[in-house]
Amino acid sequence: MTPALALQDVHKSFGPIEVLHGIDFALRPGEVHALIGENGAGKSTIMKILGGFLTSTSGQVLLDGQPAPYRSGAEAEAAGVVVIHQEFNLAPDLTVAQNVFLGREPGRFLLDHRAMRRETQALLDQLDCRVSPDARIRDLAVSDRQMVEIAKALGRKARVLIMDEPSAVLTHREVEVLFRQIDRLRASGVALLYTSHRLDEVRHLADRITVLRDGAVVRQALRGELTEDGMATAMVGRDLKDIFPPRRDSFGPVVLEVQGFSVPPVVQDVSFTLRRGEVLGISGLVGSGRTELAEGLVGLRTHRGSLRREGQAITLHSTADAAAHGLAYLTEDRKELGLLLDKSLRENLTLSTLGRFGRLMISRPAEETALTRAIEDFDIRTPRRDMAVGNLSGGNQQKLLLAKTMLPDPQIVIIDEPTRGIDIGTKSQIYHFIDRLARDGLSVIVISSDMPEILGLSDRVLVMRQGRVAGELQGDAITETAVVRLVMGTTEEATADA
Amino acid sequence: MRNLSLSTLGPLAALILLVVLGTFLNANFLSAGNITNVLARSAFIGMIAVGMTFVITSGGLDLSVGSMAAFIAGMMILAMNAMLPTLGIGVPLVLAGMAVALGVGLLAALANGLLITRAGIEPFIVTLGTMGIFRSLVTWIADGGTLSLDFEARQFYRPVYYGGIFGITWPILVFAVVAVLGELAMRHTRFGRYCEAIGSNDRVARYSAVKVERVQLMTYVALGVLVGLATILYVPRLGSASGSTGLLWELEAIAAVIIGGTALKGGYGRVWGTVVGVLILSLIDNILNLADLVSPYLNGAIQGVIIVLAVVLQRGKSSAEGR
Amino acid sequence: MRNLSLSTLGPLAALILLVVLGTFLNANFLSAGNITNVLARSAFIGMIAVGMTFVITSGGLDLSVGSMAAFIAGMMILAMNAMLPTLGIGVPLVLAGMAVALGVGLLAALANGLLITRAGIEPFIVTLGTMGIFRSLVTWIADGGTLSLDFEARQFYRPVYYGGIFGITWPILVFAVVAVLGELAMRHTRFGRYCEAIGSNDRVARYSAVKVERVQLMTYVALGVLVGLATILYVPRLGSASGSTGLLWELEAIAAVIIGGTALKGGYGRVWGTVVGVLILSLIDNILNLADLVSPYLNGAIQGVIIVLAVVLQRGKSSAEGR
Amino acid sequence: EDKTYTIGVSIPSATHGFMGGLNWHAQDTIKRLEAIYPNVKFVLATAGEPGKQVDDIEDMLATRNIDGLVVLPFESEPLTGPVKAVKDAGKWVTVVDRGLSQPGIEDLYVAGDNTAFGQVAGEYFRDNLPSGAKVVILRGIPTTLDNERVDAFEKAIDGSGIEVLDKQHGNWNRDDAFTVMQDYLSKYPKIDAVWAADDDMALGVMEAIAAAGRTDEMWIVGGAGMKEIIKRVMDGDKQVPVDVTYPPAQISSAIEMTTLHFVSAAPVSGRFIIGSTLVTPENAAQFYFPDSPF
Ligand SMILES: Nc1ncnc2c1ncn2[C@@H]1O[C@H](COP(=O)(O)OP(=O)(O)OP(=O)(O)O)[C@@H](O)[C@H]1O
Ligand SMILES: Nc1ncnc2c1ncn2[C@@H]1O[C@H](COP(=O)(O)OP(=O)(O)OP(=O)(O)O)[C@@H](O)[C@H]1O
Ligand SMILES: [Mg+2]
Ligand SMILES: [Mg+2]
């Protein structure tokens with residue numbers, strides 16, 4: 001069977017730096033092919049070349065065994081090759097329906113709004129996504145945007161569908177919905193390419209796996225040939241043990257007390273406490289209000305209710321106020337809210353802590369030192385230090401964002417989706433880093449849609465549902481079933497089981 | 001949605017307030033004559049502003065429209081005077097003049113558009129440059145004075161501004177048609193959709209198979225043709241063109257677009273808001289002339305205050321946070 | 001880096017070309033007198049443009065600077081004439097006048113800034129409004145004519161424009177200091193960094209604990225103070241203020257900023273580029289006076305062509321793709 | 001006679017009809033004189049605002065080595081200092097139309113008479129309208145000279161019982177005058193006469209009146225002597241019975257006299273005021289220049 005789409009000895013350089021060194025691999029109809037590798041290994045670059053968004057420096061893209069006739073993403077799409085990009089590819093001012101149909105609007109002369117809305121609704125229904133087709137993208141949560149992105153791709157009737165970390169921002173339930181769609185497409189003979197840093201997904205989904213390391217293929221395998229550990233080892237090039245650090249057992253006094261906290265219109269009457277040296281996980285479905293709660297806590301949204309910091313009542317009106325009280329927040333939306341994509345690593349790293357880098361004049365050497373440290377501490381892989389952040393690989397952007405959040409040495413950190421898009425090796429590093437922070441006397445709130453992460457990292461788990469606290473689990477009570485039950489709303493049984 | 005309705009009604013509310021104010025100040029304000037005057041005068045800037053809405057929505061800008069109008073008027077008058085001996089006075093002469101106006105508008109705009117989309121120079125710079133060029137050329141051709149359409153030809157052409165059907169003069173009719181078509185194009189055609197997409201995020205648009213440069217070029221060309229159309233209706237009014245024709249029209253047109261609720265950064269265009277914006281600006285002038293103020297020196301100040309107030313009505317603090 | 005160095009050198013290359021051209025056209029072009037003239041007259045727009053660089057970099061715009069300068073000059077002259085009997089002619093009078101200029105500039109800019117950052121109205125609209133207001137007020141205060149500084153006072157004040165130290169006149173010195181401080185502020189202080197961050201993505205800046213509104217307000221206030229400073233140097237030159245003082249300075253200042261390589265959409269500011277931009281604009285005027293052209297009517301066209309060319313030099317197709 | 005001379009001419013740019021005419025006359029005269037006197041060179045600069053005009057004069061002094069300057073100041077106050085600097089550098093200075101704010105700087109002064117301009121028009125109104133007649137005024141761009149004209153006009157009709165209904169700015173611009181007149185016509189049911197103060201504005205006013213169908217109700221007096229208007233006066237048009245001159249050709253006289261100072265021994269210094277005359281059908285022919293663009 002001729003592969004639907006294949007790469008033949010593809011090299012790719014950005015300026016003087018070569019990031020792909022002779023890649024060969026093929027996508028076959030009716031098969032899910034997973035591409036895995038560390039952050040910056042070149043996965044997204046390969047996908048962009050396949051999709052016509054980048055041209056390779058040398059080598060060929062073969063469509064049905066012939067040199068690919070397309071030279072742009074648009075032409076590739078016309079040839080049936082559709083890409084779901086790792087970074088969002090939606091116009092923020094347009095509505096969901098307008099984005100889903102952007103570039104292929106129905107209607108002869110006048111647009112057929114009704115058809116667009118109807119078909120968008122159908123696509124969203126297929127994905128169990130409850131976003132309105134008329135909602136503006138700008139107002140959507142990240143996970144909803146990802147679902148819209150998927151809907152947009154599904155609507156394009158692909159024969160080759162390329163998905164760059166579609167699940168990174170999705171919760172367990174949405175990932176299942178996505179998998180159902182992938183199974184359906186595979187059955188209908190579509191060739192699929194998939195990347196994810198969640199290796200269990202890869203094991204579950206992939207018929208064929210290609211492992212990439214530093215821009216070269218290091219391993220190809222068929223379904224069942226690689227265990228998750230095997231994949232991790234192949235990717236990282238060394239054995240990985242103890243992804244999660246051991247649980248902590250001694251905690252200090254309460255450092256933050258949240259009482260009757262509401263962030264209209266979503267979050268209602270949330271109360272909890274946080275101790276020194278503790279990692280508090282917050283779990284919940286998309287739209288359960290976790291992000292809104294966090295943004296309310298650091299003064300980014302108007303809120304009601306009381307906050308006590310080491311017993312003192314505090315009021316926060318901005319992130320600057322929060323920073324003054326030792327609170328820091330890492331946003332889940334790194335492209336729109338976290339990083340300045342057209343600025344360098346240095347400028348991004350120090351933006352929220354510039355006051356520390358010199359009184360009147362910013363000290364460049366001090367900034368550079370901080371960047372060097374951040375690059376080491378967080379294993380940020382960048383071809384050049386002075387590159388625009390937008391050109392970093394997705395995972396490395398996330399690492400930079402983490403470094404930026406930790407730079408002010410906060411006492412309390414709220415991390416919304418800490419390891420989104422981060423490879424397994426680095427993930428483990430980050431978990432150990434969070435653990436070290438907690439052991440050093442910091443308090444960490446981790447909001448995550450990644451169940452193993454919540455389970456493996458938290459000393460306590462707060463589950464949110466529809467803007468309220470659905471329950472709290474501690475110590476050995478933290479099990480997958482217990483959390484899932486709370487998330488889904490079967491509270492009593494869950495606690496009984498535990 | 002909530003946000004939208006507030007900002008949609010804002011300029012309309014300002015317009016209604018102005019009408020009420022005008023009625024109070026002068027009994028003749030609502031007379032058919034005055035309404036016709038105001039609407040007909042708004043027509044030039046109006047048509048240009050409708051075109052400008054698309055340019056701004058797709059993230060561009062055009063500072064040259066005022067001098068482009070002067071240039072087109074000059075070329076049109078020259079051409080008509082030159083063709084007069086051959087064609088004689090009559091419909092063919094007028095049609096030929098109109099063709100020249102549309103053609104010159106198209107070419108002038110094409111020059112802007114190509115420099116912006118092909119050479120990749122900031123629209124601000126390109127159109128600042130051509131603004132100087134067009135205006136200089138008119139002054140030069142007119143030898144510093146005024147280019148006047150042949151008297152007889154003008155008498156024949158005059159009804160295009162002053163005449164009409166059903167008691168509605170042509171400029172008003174044409175403006176209405178342009179506004180309706182513009183609104184349709186913005187809301188219900190691919191072109192309008194692509195303008196918004198490009199203004200919102202041009203990379204996304206490019207990735208979604210939108211021919212970004214071509215759409216942008218089309219916005220400039222459409223604007224140029226509309227400037228030509230406006231000129232066609234302008235020339236019969238006074239029958240002349242000079243270096244001061246269309247002075248500051250660009251500022252008025254851009255202001256109308258922004259007052260109407262279109263975002264200067266692009267991504268969000270509202271044609272009928274622009275129409276309301278144009279009417280607001282015309283009405284301010286009209287009311288200032290009809291009312292007896294302390295001093296006409298203060299006209300500019302009152303204009304300024306009303307423009308700001310019109311927009312305050314529309315966008316409160318709340319929506320400032322939203323954006 | 002490659003991209004950067006190209007766009008950094010572009011305006012400089014245009015400047016050098018202009019200097020070469022000027023030297024060819026007229027032997028006196030490089031005379032100390034001419035150089036002093038050109039630099040000194042660039043100083044007003046120059047200082048304003050430096051302030052404008054920060055406003056534009058942080059995603060704002062100020063159309064009111066020209067009329068603000070007229071207003072400040074008017075108030076300064078009024079104040080100095082009023083204080084003359086009490087203070088007598090001397091340094092205190094001049095200092096008091098300067099204080100008034102800076103104070104009025106600060107307050108006028110504060111009005112702009114607060115309307116923009118607190119009331120959340122588009123900068124384009126706010127400053128379009130205040131542009132009309134300031135200019136009207138001057139015309140009104142001057143009763144349609146000219147406000148003149150007392151003759152004796154003016155004689156005393158004159159050296160502030162024409163005098164200097166080490167053969168360099170004050171406007172040039174002050175402009176140089178403003179430019180150097182501006183460059184420092186943009187590149188090496190928090191303020192400059194915040195301006196770029198806000199212009200690049202104001203939401204990211206807000207999430208990064210940057211006080212977005214305060215920084216934006218500060219850019220307007222700084223600009224206002226710089227307009228005041230420019231006026232302090234302008235008044236001794238012409239000794240008067242009228243409705244036509246500072247006409248179109250806003251356009252020239254914005255053009256200088258954009259020619260210098262700052263992005264109109266914000267996020268990227270280059271103060272020394274602005275200085276080069278200002279010099280380019282002044283030199284064009286100067287060179288037009290050096291040479292005998294076909295017709296002075298075409299000055300505007302030549303200006304337009306050179307402005308576009310200066311930017312073409314700087315940004316080819318390649319960097320247009322980069323953004 | 002081997003010595004060559006350079007004369008700088010600095011005038012406002014052609015932003016409205018009158019200035020357009022003035023620009024045309026300046027260029028025309030320069031062309032003519034350059035042909036007659038090969039040893040005289042001219043440097044012409046036009047400016048859109050006072051600051052730019054000062055720049056131009058500075059440039060002439062610094063780079064063009066002018067021997068004499070003919071200047072029509074954009075505004076008197078701001079130009080006084082810089083023109084004085086030219087004088088102090090030992091150059092010949094001719095001031096046209098708008099006097100400097102300090103007496104005794106210029107060698108030669110050639111000007112129209114703004115007070116007379118307003119007064120002549122006002123007197124015509126006084127003599128040709130009954131007491132109780134209603135008139136409207138269109139003013140120019142807010143400037144000192146506009147103030148002088150309007151003041152003189154109002155002084156001339158003072159006590160005649162003529163009522164001035166309104167005086168808005170038409171900015172010496174046809175379009176603006178058209179708009180203002182339209183609004184006057186909406187606002188005032190009865191208008192007996194219009195003082196448009198400028199022929200460009202008069203054309204806009206006439207158009208507005210024609211569109212409102214009130215042509216027979218009122219007459220119009222413009223000013224400056226534009227050829228179209230002079231033609232109408234000459235033809236006895238009832239709507240434009242007279243015009244008041246304010247000749248743009250005064251710049252020609254100024255340039256010519258300055259040139260004469262250099263090329264001949266003729267004594268040319270002093271003050272030459274070109275009065276404003278009432279153009280009537282009888283004398284119109286002598287003010288009619290069909291070749292001028294104005
Ligand atoms: N436009 C660009 N300019 C310069 N370098 C780039 C550009 N795009 C990507 N790179 C570099 O190419 C390398 C591969 O990036 P790529 O995005 O393909 O990684 P990835 O495997 O998708 O990583 P991740 O898992 O973090 O998404 C990275 O080092 C990245 O910095
Ligand atoms: N009941 C609701 N009504 C309207 N909008 C809602 C409601 N619940 C949530 N939303 C919206 O859904 C979005 C998701 O909320 P939020 O980001 O706080 O949820 P989350 O639990 O953090 O989910 P995610 O995993 O997507 O981050 C927000 O934009 C919020 O305004
Ligand atoms: Mg990637
Ligand atoms: Mg969230």
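No more than 12 heavy atoms of other residues, nucleotides or ligands sit less than 6.0 Å from atom NZ of B:K211.
For chain B, the nearby parts of C:I254 are the backbone and the side chain; heavy atoms of each come within less than 4.5 Å.
With chain C as partner, the option from B:S67, B:G129, B:S136 having the largest number of non-hydrogen pairs under 4.5 angstrom is B:S136. Options B:L115, B:T139, B:I306, B:N299 differ in how many heavy-atom pairs under 4.5 Å they form with chain C, and the most are formed by B:T139.
Between atom CG of residue C:L309 and atom CD1 of residue B:I121 there is a gap of 8.5 Å, rounded to the nearest 0.5 Å.
Contact annotation: the side chain of B:L251 approaches that of C:M131 to within less than 4.5 Å [non-hydrogen atoms, C-beta and beyond]. In this structure the side chain of B:Y297 never reaches within 4.5 angstrom of the side chain of C:L137, judged on heavy atoms.
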task = Would you sort out whether B:L264 and C:E122 count as a side-chain contact (heavy atoms from CB on, under 4.5 Å), showing the intermediate values?
result = CA-CA 8 Å; B:L264 187 60; C:E122 288 243 19; 3.6 Å; yes
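Looking at B:V311, B:V308, B:I307 one by one, the single match for side-chain contact (heavy atoms from CB on, under 4.5 Å) with C:L128 turns out to be B:I307.
In plain terms, the two heavy atoms of C:I133 and B:A301 that are nearest each other are CG1-O, 3.4 Å.
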